[in-house]
Amino acid sequence: MSNVNRLNADHMDVLREIGNIGAGNAATALSKLLNKKIEMKVPNVQVVSFDEMMDLVGGAEQVVAAVFLRIEGEAPGNMFFVLSLPQAEQFIKQMTGDHQFSFASPQSDLGLSALQELGNILAGSYLSALADFTHLKLYPSVPALTIDMIGAILQYGLLELSRVGDYAIVIDTAVHEEHQPQDSVNGHFFLLPDPDSFTPIFRSLGVELS
């Protein structure tokens, strides 16, 4: 993946459009699930190194809430939706109405289920948008929720990718109820394709990677 710098503004615009379509689909699904209008934005999309990816969430030892799933099909890889613990708590409080929820106290099954469902909806929506744009057959595994240091959570994906390159696609995500952007929950959606998957993904965007 040494030719990552060949990705120009047009390619990044396509990745951003994939993110925006995924976010729109996820917002619609969440709105139906919660019976309230949910809006979702993608303020930024970037291709970053592992070090930069870690920095985005406060370093490898930062404890976060993450929903992980495996992608199978024509471009296998790993997907993670990552929230800081304060942002995860804020989301759970907003979505469940349980304003006493805290990761520091016994955790409610309802709150954790809401967080996993957010990751499930987001991952499915983004993966569907990616498949539509690339015309690749992509299939998600059942998502799993983990609360741990980000370095430990990403370890598997890092080990796989480090054989060839050290880059990942990051889609920043902001979720909030309608007309309440001040209460936005901000997270990061990481797509870590397996080494052999970068080529078909970016070839579909008109970029040949050696």
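Taking all atoms of both residues into account, the shortest heavy-atom contact from Pro76 to Glu74 is CD-C, 3.7 Å. Listed here is the closest heavy atom pair of Met79 and Ala123: CE-O, 3.8 Å. Closest heavy-atom contact between Leu83 and Leu118: CD1-CD2, 4.3 Å. Shown here for Pro143 and Asn120, the closest heavy-atom pair between the two residues is CG-OD1, 3.4 Å. Nearest heavy-atom pair across Ala65 and Leu85 is N-CD2, 3.8 Å. Smallest separation of non-hydrogen atoms from Ala129 and Ile18: CB-O, 3.5 Å.
At a threshold of 4.5 Å between non-hydrogen side-chain atoms, the residues Met53 and Leu192 count as touching. By the 4.5 Å heavy-atom criterion applied to side chains, Phe81 and Leu115 are not counted as neighbours. The shortest side-chain heavy-atom distance between Tyr139 and Ile71 does not fall under the 4.5 Å cut-off. Here the side chains of Leu122 and Thr173 are in contact, with some heavy-atom distance below 4.5 Å. The shortest distance between side-chain heavy atoms of Asn44 and Ile171 does not fall below 4.5 Å. Contact check for Ile147 versus Val63: side-chain heavy atoms found under the 4.5 Å cut-off. Contact annotation: the side chain of Thr96 never approaches that of Phe101 to less than 4.5 Å [non-hydrogen atoms, C-beta and beyond]. Counting only heavy atoms from C-beta outward, the side chains of Leu145 and Leu112 approach each other to under 4.5 Å.
Annotation: side-chain contact (heavy atoms from CB on, under 4.5 Å) contacts of His176 (sequence neighbours excluded): Glu39, Pro181, Ser184. In this view, Ser128 and Asp132 satisfy the side-chain contact (heavy atoms from CB on, under 4.5 Å) rule, not counting sequence neighbours.
Aromatic ring centres of Tyr126 and Phe189 lie closer together than 6.0 Å.
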Give every donor-acceptor pair under 3.5 Å between a side-chain atom in residues 19-33 and any protein atom, sequence neighbours left out.
{"unit_1": "Asn20", "atom_1": "ND2", "unit_2": "Arg16", "atom_2": "O", "d": "3.3"}
{"unit_1": "Asn25", "atom_1": "ND2", "unit_2": "Ile21", "atom_2": "O", "d": "3.4"}
{"unit_1": "Thr28", "atom_1": "OG1", "unit_2": "Gly24", "atom_2": "O", "d": "3.1"}
{"unit_1": "Ser31", "atom_1": "OG", "unit_2": "Ala27", "atom_2": "O", "d": "2.8"}
{"unit_1": "Ser31", "atom_1": "OG", "unit_2": "Lys36", "atom_2": "O", "d": "3.4"}
{"unit_1": "Ser31", "atom_1": "OG", "unit_2": "Ile38", "atom_2": "N", "d": "2.8"}

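Of the possible donor and acceptor atoms, one in the side chain of Gln87 sits under 3.5 Å from a partner among the backbone N and O of Asn186. Panel note: side chain Arg70, backbone Pro140; no donor-acceptor pair is recorded below 3.5 Å. Distance alone, capped at 3.5 Å, places no donor-acceptor pair between the Gln180 side chain and the Glu177 backbone. Side-chain atoms of Glu89 come within 3.5 Å of backbone atoms of Phe103 as a donor-acceptor pair (strictly under, hydrogens ignored). Looking at Gln46, its side chain never comes within 3.5 Å of a backbone N or O of Ile169 through a donor-acceptor pair.
Distance CD1/Ile201 to CG/Leu191: 5.5 Å, rounded to 0.5 Å. The distance from the CD atom of Gln94 to the CD1 atom of Ile92 is 11.0 Å, given to the nearest 0.5 Å.
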Walk me through whether Leu56 and Val170 qualify under side chain to side chain contact (heavy atoms under 4.5 Å, CB included). CA-CA 10 Å; Leu56 286 174; Val170 181; 3.9 Å; yes
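Relative orientation of the Phe190 and His188 rings is parallel, given thresholds of 30° and 60° on the angle between their planes.
Counting non-hydrogen atoms of other residues, nucleotides and ligands closer than 6.0 Å to NZ of Lys93 gives a total above 12.
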